[in-house]
Amino acid sequence: MKTGKLIVFTGPSGVGKGTLLRKLLMQHPELVLSISVTTRSPRPGEINGIDYYFVNVEKFQQMVADEELLEWAEFAGNYYGTPRLQVEDLISQGKWVILEIELEGARQIRRTFPQALRLFILPPSLWELEQRIRRRGTETEEAITKRLRRAQEEINAANEFDIQIVNDDLDKALENLEAALFVPC
Ligand SMILES: Nc1nc2c(ncn2[C@@H]2O[C@H](COP(=O)(O)OP(=O)(O)O)[C@@H](O)[C@H]2O)c(=O)[nH]1
Ligand SMILES: Nc1ncnc2c1ncn2[C@@H]1O[C@H](COP(=O)(O)OP(=O)(O)O)[C@@H](O)[C@H]1O
């Protein structure tokens, strides 16, 4: 029987997690990205059920109370969480499931799924991180400030993770990511 695997993918907002994951998933369709629940509003182009499940705060709190979330956290004024059933089903089918989550959620997973592989994506510098968030053009000034403040705290915790990858050159970062995931055993 194939063994499923849980892979945690963390790093500051704007570091390029989404960009790296899109490329990785195109090349490795056997990997599955877990779709999170969030109370944040959809950005233009984001689709409910594809990018996130967009819910209101009441619904989110109900899911927490009903223990439907494997982990959850507040980030920059919104709630985010991983639906438990979806992940457990996929892992029991032998799939490799990726959680793209922030630091507090990654810490929860470390306690509940100690066997998960945990990766942290670093920016080449804080200056470049800020340029990337601004260039993306999806955030208000207030949201950018919150994300940058949080970024330093997250970067300080990078050593808690099994593997650290710097996303400077995108293709190089992708190569390092593949090397970390597909170690011959
Ligand atoms: N704990 C937790 N964090 C999540 C989850 N889904 C997304 N996040 C994180 O929430 C943060 C904000 O995500 P988002 O609003 O999409 O902004 P972006 O990272 O700037 O694109 C990022 O660090 C995500 O990795 C989740 O289910 N649980
Ligand atoms: N290696 C890279 N070099 C330059 N720009 C990048 C790189 N990786 C991602 N970006 C850009 O940085 C911005 C933030 O990337 P994104 O994937 O949305 O980050 P995250 O999901 O971590 O918040 C996007 O505009 C993306 O095109």
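In listed order, ligands and their atoms are each counted from 1. Note: hydrogens, waters and symmetry copies are ignored here, and every other heavy atom, side chains too, is used.
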For this session: Check the pair T138, R136 against side chain to side chain donor-acceptor pair (under 3.5 Å), reporting the backbone distance first and the verdict last.
Result: CA-CA 6 Å; T138 53; R136 190 172 68 187; 3.0 Å; yes

Exercise. Can you check whether R22 has an N/O within less than 3.5 Å of an N/O in ligand 2?
Worked result: no

Problem set entry | Any G11 heavy atom less than 4.0 Å to ligand 2 | no

Problem set entry | Atom indices of ligand 2, in the order listed, that fall short of 4.0 Å to a heavy atom of S13 | 23 (O)

Exercise. Looking at residues at least two apart in the chain, or sitting in another chain, which of them share a side-chain hydrogen bond (donor to acceptor under 3.5 Å, both in side chains) with S13?
Worked result: R147

Problem set entry | Pairs involving residues 51-64, ordered by first then second residue, that meet side chain to side chain donor-acceptor pair (under 3.5 Å) (sequence neighbours left out) | Q62-D66

For this session: Inspect the contact between R135 and E128 and indicate whether a charged nitrogen and a carboxylate oxygen are less than 4.0 angstrom apart.
Result: yes

For this session: Could you tell me which non-hydrogen atom of V32 sits nearest to which non-hydrogen atom of K95, and how far apart they are?
Result: CG2-CD, 3.7 Å

Exercise. Any donor and acceptor pair, going by atom type alone, linking the side chain of T10 with main-chain N or O of I101 inside 3.5 Å?
Worked result: yes

Exercise. What protein heavy atom sits nearest atom 14 (C) of ligand 2, and how far away is it?
Worked result: G14 O, 3.5 Å

For this session: Determine which pairs satisfy ring-ring contact (aromatic ring centres under 6.0 Å, His included) with at least one residue from residues 114-168, sequence neighbours left out, and list them in order.
Result: F120-F161

Problem set entry | Side-chain donor or acceptor of R84 paired with backbone N/O of E68 under 3.5 Å | no

Exercise. Does a side-chain N-to-carboxylate-O contact under 4.0 Å join E139 and R134?
Worked result: no

Exercise. So which of D168, I133, D169 gets nearest to atom 1 (N) of ligand 2, if we judge by its closest heavy atom?
Worked result: D168

Exercise. To which protein heavy atom is atom 26 (C) of ligand 2 closest, and what is the distance rounded to 0.1 Å?
Worked result: T19 OG1, 3.6 Å

Seminar exercise, completed: Correct closest heavy-atom pair for I35 and G49 would be CD1-O, 3.2 Å

Exercise. For ligand 2, does P12 get within less than 4.0 Å through its side chain, its backbone, both, or neither, judged by non-hydrogen atoms?
Worked result: backbone

Problem set entry | Residue pair T112 / E71, side-chain donor-acceptor N/O under 3.5 Å | no

For this session: Can you pull out the closest protein heavy atom to atom 21 (O) of ligand 2? Residue, atom name and distance to 0.1 Å, please.
Result: G18 N, 2.9 Å

Exercise. Between Q152 and N156, does any side-chain donor sit less than 3.5 Å from a side-chain acceptor?
Worked result: yes

For this session: May I ask you to identify the nearest protein heavy atom to atom 19 (O) of ligand 2, giving residue, atom name and distance to one decimal place in Å?
Result: G16 N, 3.1 Å

Exercise. Any N/O of R136 closer than 3.5 Å to an N/O of ligand 2?
Worked result: yes

For this session: Quick one: look up the protein heavy atom nearest atom 13 (C) of ligand 2 and list residue, atom name and how far away it is.
Result: R132 O, 3.7 Å

For this session: List the closest protein heavy-atom neighbour of atom 8 (N) of ligand 2: residue, atom name, distance to the nearest 0.1 Å.
Result: N167 ND2, 3.1 Å

Seminar exercise, completed: Within the heavy-atom cut-off of under 4.0 Å, ligand 1 is lined by S13, K17, S36, R40, R43, Y52, E71, A73, F75, Y80, G81, T82, E100, I101, E102, G105, R136, R147

